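For reference, the structure is listed below as structure tokens.
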2 protein chains.
Amino acid sequence: MVTLKDVAQKAGVSEATVSLVLNERPGVSPKTRAKVLALAHELGYSPNAVARSLAMNKTSTIGLVVTDIENPFYGSLVHFLSEHAQKQNYSLLIAASGDEIENEDSIINVFLSRQVDGIIIVPSQNVRTNYQIFKMLKKRDIPFVFAVSYYPEYGDAFVMTDYRAGSYKLTKYLLSLGHKKIVHLTGPNSEAPLNKERIRGYHEALDECGLADKSEIISCSKADFFSGYQEVKQLLSVEKPDAIISINDIMILGARKAISEAGYKVPKDISIAGYDDVSFASIIETPLTTVKQNIEEIARLSIDLVIKKIEDHTIVRSRLLVAPELILRDTTAPHSDQGA
Amino acid sequence: MVTLKDVAQKAGVSEATVSLVLNERPGVSPKTRAKVLALAHELGYSPNAVARSLAMNKTSTIGLVVTDIENPFYGSLVHFLSEHAQKQNYSLLIAASGDEIENEDSIINVFLSRQVDGIIIVPSQNVRTNYQIFKMLKKRDIPFVFAVSYYPEYGDAFVMTDYRAGSYKLTKYLLSLGHKKIVHLTGPNSEAPLNKERIRGYHEALDECGLADKSEIISCSKADFFSGYQEVKQLLSVEKPDAIISINDIMILGARKAISEAGYKVPKDISIAGYDDVSFASIIETPLTTVKQNIEEIARLSIDLVIKKIEDHTIVRSRLLVAPELILRDTTAPHSDQGA
DNA sequence: TTAATGTTTTAAAGCGCTTTAGATAAATTT
DNA sequence: AAATTTATCTAAAGCGCTTTAAAACATTAA
């Protein structure tokens, strides 16, 4: 392995000089600069970032703890986070928590040990009872930001979709189609921002139309396909709503399965809509009406925010909401009372 | 920040002793060991992995360069890689190449600069013309393994599905249903192992049934939904095959769209099958017959292999093929000649 | 009691870099 | 030509850890 020292010796200058050259710092003559550069190239010198980090007390590394990369939504998020981090010359240390709270904590500790400059957390949707770790991060002044979700009381930076607005828009749209009974499928922890804000938007829309009494929230034990299927199967055995919406795209596909099995057609008998607009939403047989989260924007803002916090340590609070977009496809149709 | 030195001073011992204790090395009395441990805990000492790496010339970090995490298949792979790396006390530095060859190279260089202990490469499917980087890795004796795909001439370690076997099984199955004309949709670079081996399996199965002359490969410009749609639309305007298979699940959904638009029913008129068994394959309206890759196994073997290479530098070659599994769902049915 | 052996402990060097303060050389001013 | 100023360069310390070789101490054997 060729080190800075080697370059210095070959070039007949001090290590300090080589360091200055390689970091494009002023105070070295064009002549020596050229000589050093040539030699470095010739020897195939590649700086040792570990040594550099130790000396500078900065690793140019961001730690990313993410619940579940398997989920295409998070996969996409990781993709854009990686892309933007690279652009800014940061590397990403990534670890999947598998949606387990304890894993989150231990991953964060590993990150700290590895001296990451900042941390991006895509938190588990499970219920957390112990917030020690975030208090600690704050006390130790480690820059961290929440992406996609967050804990309202802890951390003063997050980036996520304006869930309220998304659900509001979607519900309004369904109401405009003449639907009255719109059932909202939600995840297990209805206090999680991911669920709560969506429900808020839903309620606001209903209220505005004087349909508050039609509100029906069904809380699924897990926010997955099977859970959506089961809950809707159960639901349909007692009543037939006009429409069903959900906090993600996957659960609503489970719902659709139950709907088909019950002998109803989508969207003729029941309109359905998802949330997220994951990759498959547009390519399935009946493309899904859904609310698209601008994942790339969330990723970009998250990276920028954490870097900002790293570089000027003075940021107070920034809570960024990214506007969602209503994507109309084929699973929603006017209520059968209204003409098609 | 509390350092090893702080702990040493408080405990009234040397830094060397503290180091021995913290690394659970012999040669220190139980008494001092206890004292040091207690103090370390009390002070909230957390070792600085960067300093450690520099001293030991080992980072316990694996660099992962992956084409496209957005693709649920790779997302899932990354998930399991992360999980297994954590279990073995390695961290993962991840970067997405966005399927661009040049990015792959520059990412690898960043990894080298960061002194990763080894590299896992999930290569782009684009055609590579310059293999310098792999030669360099080899020359510098950097452990690296290819996952999911590989370059036959470069690198002596890879882990991937036995694509040949998967396509063979699937084709055999379709033949057993009475189909004769089975069209195979493949990606742009038919020399990439990902495509080549699949085609081999397909041909072997046809040959065995004396149907070699029925073989038809359609090469799509990109291995995505739209490309699958277009090629099959074109195909159906001239002939109607018995079945269509593909190198992944996404393209075959494109194909299905074209099939529907042409007025055919799946699977009554045309059977279709994908490859990969990505998450959505089972939850769409008509669940997809496909070949499941054992992603978790691929991930586990990749991590184990690279770590093995890191720890005992003597491995020669290991080319691991993971068995795929045929998943029968609802998009395949007997040929209409045969009774249902 | 001394020598020999074994156990614990530590001083010091080193990992590859950055940075600071001072040395040296060159350019400018009087 | 000497005195300043300015531009280049470098010695040395330091980042937080590991490791080696030797020192210090305790134990056992002779």
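Just the heavy atoms: all of them, side chains too, but no hydrogens, waters or symmetry mates, feed the values below. Chain letters run A, B, ... following the sequence lines, proteins first and then strands; every chain starts at 1. If you're wondering where the values come from, they're calculated on a predicted model, not measured in any experiment.
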Take atom [atom1] of [X] and atom [atom2] of [N], then tell me their distance rounded to the nearest Å.
{"X": "Leu112(B)", "N": "dG16(C)", "atom1": "CG", "atom2": "C1'", "value": "16 Å"}
{"X": "Lys5(A)", "N": "dC17(C)", "atom1": "NZ", "atom2": "C1'", "value": "12 Å"}
{"X": "Leu4(A)", "N": "dG14(C)", "atom1": "CG", "atom2": "C1'", "value": "16 Å"}
{"X": "Arg33(A)", "N": "dT8(D)", "atom1": "CZ", "atom2": "P", "value": "10 Å"}
{"X": "Gln115(B)", "N": "dG16(C)", "atom1": "CD", "atom2": "C1'", "value": "9 Å"}

Between [X] and [Y], is any pair of side-chain heavy atoms under 4.5 Å apart?
{"X": "Lys135(B)", "Y": "Tyr154(B)", "result": "yes"}
{"X": "Asn89(B)", "Y": "Val110(A)", "result": "no"}
{"X": "Leu301(A)", "Y": "Val322(A)", "result": "yes"}

Here the gap from Ile133(A) atom CD1 to Asn109(A) atom CG, rounded to the nearest 0.5 Å, amounts to 4.0 Å
Surrounding NZ of Lys31(B) (heavy atoms of other residues, nucleotides or ligands, distance under 6.0 Å), is the total greater than 12? no
Aromatic ring pairing Phe144(A)/Phe146(A), orientation class (parallel under 30°, perpendicular over 60°, tilted between): perpendicular
Give me the residues of residues 45-61 of chain A where at least one heavy atom lies under 4.0 Å from an atom of DNA chain C, by number, or none. Tyr45(A), Pro47(A), Asn48(A), Ala51(A), Arg52(A), Ala55(A), Met56(A)
Does anything in residues 13-31 of chain A come within less than 4.0 Å of DNA chain C? Heavy atoms only, and list the residues if so. Glu15(A), Ala16(A), Ser19(A), Asn23(A), Arg25(A)
Are Glu104(A) and Arg128(A) ion-paired here, with the side-chain N under 4.0 Å from a carboxylate O? yes
Give me the one residue out of Asp304(A), Asp156(A), Asp117(A) that meets salt bridge (charged side-chain N to carboxylate O under 4.0 Å, His left out) with Lys309(A). Asp156(A)
